[in-house]
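Here, residue 1 is the first one in the sequence, and each next residue gets the next number. Every heavy atom of this structure was used, including side-chain atoms; hydrogens, water molecules and symmetry mates were not. No experiment lies behind these values; they were computed from the predicted model shown.
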Amino acid sequence: MTYKSDFLRELDARGYIHQISDAEGLDRLASQNQVVAYVGYDCTAPSLHVGHLLSIMMLHWLQKTGNKPVALMGGGTTRVGDPSGRDETRKILSYEEIDSNKEKIRTTFDKFLRFGKGKTDAVMADNAEWLTKLNYIEMLRDIGRHFSVNRMLTMDSVKLRIEREHELSFIEFNYMILQSYDYVELARRYGCNLQMGGSDQWGNIVNGIDLGRRMGTQQLYALTCPLLTTSSGSKMGKTAAGAVWLNADMLSPYDYWQFWRNTEDGDVERFLKLFTTLPLPEIAKLAALKGSEINEAKKVLANEATALMHGRAAAEKAAETARMTFEEGGLSQSLPTVEIKRAEIEKGLGVLAAFVQTGLVVSTSEARRQIKGGGLKVNDVSVADEKMTLSPKSLTPEGVIKLSLGKKKHVLLKPT
């Protein structure tokens, strides 16, 4: 369909839309700048990761087109654990861990949203505020009675676990009830009329719409974005080293820049649309680049995505570090650095342990495999012997040891 509102036109043109519960109704609200939309983020780690960026960018464009975003922290739902997209039960975190994670996650949204008390200013809420006050008997009577177990069993998050004969705890089974109730509470407190999320959340969001209808809220809507995979079929944001974190203390701006720089050729245009705010005509010009010129488009993607998350100065510094390292063959002190006690170098540090310690590989067995394939280097020289040790003789004139995995991953080992 052809959308009339700036919000849905922008989302459609950039590839964010997967499903909408009532496209015409939502488009009409957005045309009048009357959409108040939320996305929920559970606090399962000290940082969000690249997989969360799609929904964060949707909130960004919502606000940019004159509507109001609500970022919901899952201080309450994290105590339960979302079973969506998982084959095993999530680890139960302590309340202290959840609160700590929540505080570290909050700062991410300041990069993408404008908070305040104005009509379109963003709001940050926490579902612990209402979920932790629920009385179990009252919840069963007032909320639980609106849910059909038969229907809950058909939801993907539940059905897939059962079909694979993987355990689904009772506490997780209740997650969709809590998420649905969040929607009702946010509708009452902030006038929310839209919940957005990944396509794996469709069932939970629709449950919230139905609960709202039964409990007397205004008309509610659902909008989901696709769960992204790369051109080669791998899950977006997953690398050999693990998740691509957004917080700088969990992944350096340089490594974040490199993640985007290493985008597959077939994903460049799509990622420019989804993960930058560049105008679409400019993206079309970059997407038209062919052959080796596509690398220039990848650098633009890396610069713009990193600038959004870490600031323009950090993006430019990362780009310059990469240029010095790859184009000039120099040793940039801006490369990610891992400090190590000088005593470890003086007594001799095994090369396998060194690569694990810097996070370039996850295990010594992986390090051995990389050595056999010629993938590991020390000070730009390939490692041929897995029993090699790093000593004071390994230090460069700058007083560091450069460890490399392939051509694009480098870490400086610095004795202190």
Side-chain angles (χ1 to χ4, degrees), residues 1-31 35-42 48-65 67 69-72 82-86 112 151 154-160 175-176 179-180 182-183 192-210 212 219-238 244 263-264 266-277 280 283 305:
M1 95 177 248
T2 302
Y3 298 109
K4 297 178 181 178
S5 65
D6 291 342
F7 172 54
L8 290 183
R9 275 206 307 267
E10 192 73 47
L11 259 57
D12 186 43
R14 289 180 177 269
Y16 290 103
I17 298 176
H18 180 68
Q19 289 172 291
I20 303 179
S21 59
D22 174 5
E24 289 185 5
L26 182 60
D27 193 33
R28 187 163 53 250
L29 275 181
S31 296
V35 175
V36 181
Y38 89 94
V39 180
Y41 301 90
D42 278 346
L48 299 179
H49 54 73
V50 161
H52 294 107
L53 266 186
L54 265 184
S55 61
I56 295 175
M57 291 300 296
M58 288 163 73
L59 289 174
H60 168 83
W61 288 114
L62 177 88
Q63 185 174 51
K64 197 81 172 175
T65 53
N67 298 280
V70 176
L72 177 66
D82 183 3
S84 300
R86 297 182 66 87
F112 299 89
R151 187 180 178 204
T154 67
M155 297 297 168
D156 284 345
S157 58
V158 174
K159 185 172 65 173
L160 293 177
Y175 187 92
M176 69 178 75
Q179 182 173 334
S180 298
D182 280 346
Y183 203 169
C192 277
N193 46 28
L194 172 64
Q195 182 182 172
M196 301 189 294
S199 59
D200 61 336
Q201 294 294 316
W202 178 257
N204 288 345
I205 298 175
V206 170
N207 269 335
I209 292 175
D210 184 59
Q219 176 63 52
L220 304 179
Y221 299 87
L223 190 160
T224 60
C225 57
L227 292 180
L228 284 189
T229 56
T230 63
S231 295
S232 61
S234 62
K235 189 174 181 180
M236 169 67 183
K238 291 291 185 181
V244 179
T263 295
E264 297 173 25
D267 293 324
V268 173
E269 180 179 12
R270 187 166 53 129
F271 288 2
L272 281 166
K273 289 179 177 180
L274 294 172
F275 300 112
T276 80
T277 56
L280 291 172
I283 291 173

Asker: Please list, chain by chain and in numerical order, all residues satisfying side chain to side chain contact (heavy atoms under 4.5 Å, CB included) with T224, sequence neighbours excluded.
Answerer: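 T224 satisfies side chain to side chain contact (heavy atoms under 4.5 Å, CB included) with H18, Q19, S199, W202, I205 once adjacent residues are dropped.
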Asker: Treating Y38 as the side-chain partner and N193 as the backbone partner, does any N or O pair qualify as donor plus acceptor under 3.5 Å?
Answerer: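 Pair absent, no side-chain N/O of Y38 close to backbone of N193.
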Asker: Minimum heavy-atom separation for L220 and G212, please, with both atom names.
Answerer: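 For L220 versus G212, the nearest heavy atoms are CD1-CA, 4.1 Å.
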Asker: Testing the basics here: between A37 and L62, what is the closest heavy-atom pair and its distance to 0.1 Å?
Answerer: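 A37 and L62 have their closest heavy atoms at CB-CD2, 3.7 Å.
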Asker: How many angstroms lie between OG1 in T276 and CD1 in I283, if you round to the nearest 0.5 Å?
Answerer: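 If we round to the nearest 0.5 Å, T276:OG1 and I283:CD1 are 4.5 Å apart.
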Asker: Does a salt bridge link R28 with E24, judged by any charged N lying under 4.0 Å from a carboxylate O?
Answerer: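 Salt bridge absent between R28 and E24.
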Asker: So, are D6 and R9 salt-bridged, with charged N and O less than 4.0 Å apart?
Answerer: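 Looking at R9 together with D6, the answer is yes, because their closest N to O distance falls below 4.0 Å.
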Asker: Go through the steps for F112 and L53 under the test side-chain contact (heavy atoms from CB on, under 4.5 Å), then give the verdict.
Answerer: CA-CA 10 Å; F112 299 89; L53 266 186; 3.7 Å; yes
Asker: At what distance, to the nearest 0.5 angstrom, does NE2 of H60 lie from OG1 of T65?
Answerer: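 Taking NE2 in H60 and OG1 in T65, the distance rounds to 9.5 Å.
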Asker: Students often mix this up, so state it plainly: with edges at 30° and 60°, are the rings of F271 and F275 parallel, tilted or perpendicular?
Answerer: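 Aromatic pair F271/F275 classed perpendicular.
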Asker: Which pair of heavy atoms, one from V35 and one from N67, lies closest together, and at what distance?
Answerer: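 Nearest pair, atom of V35 first, then N67: N-OD1, 3.1 Å.
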Asker: Is Y16 reaching over with its side chain to a backbone N or O of P226, donor-acceptor style, under 3.5 angstrom?
Answerer: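 No; judged by distance alone, with no hydrogens or angles, the pair does not exist.
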Asker: Looking only at heavy atoms, what is the nearest atom pair of S21 and I209, with distance?
Answerer: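 Distance-wise, the nearest heavy atoms are OG-CD1, 3.9 Å.
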Asker: Under the rule for side chain to side chain donor-acceptor pair (under 3.5 Å), what residues qualify as partners of E10, not counting sequence neighbours?
Answerer: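 Once residues adjacent in sequence are excluded, the partners of E10 under the side chain to side chain donor-acceptor pair (under 3.5 Å) criterion are R14.
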Asker: Examine the side chains of Q201 and Q195 and answer whether a donor and an acceptor come within less than 3.5 Å of each other.
Answerer: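 Checked: Q201/Q195 side chains show no N/O donor-acceptor pair below 3.5 Å.
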Asker: Is the closest side-chain heavy-atom distance between W61 and L11 below 4.5 Å?
Answerer: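 With C-beta onward as the side chain, the pair touches.
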Asker: Would you compute the distance between atom CG of L194 and atom CG of D22 and round it to the nearest 0.5 angstrom?
Answerer: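 The distance works out to 11.0 Å.
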Asker: Backbone N or O of L48 within a donor-acceptor pair of the Y41 side chain at under 3.5 Å?
Answerer: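 No, the answer is negative, given that no donor and acceptor are paired below the 3.5 Å cut-off.
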Asker: For T263 and V268, work out which heavy atoms get closest and say how close.
Answerer: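 Closest approach of T263 to V268: CG2-N, 4.0 Å.
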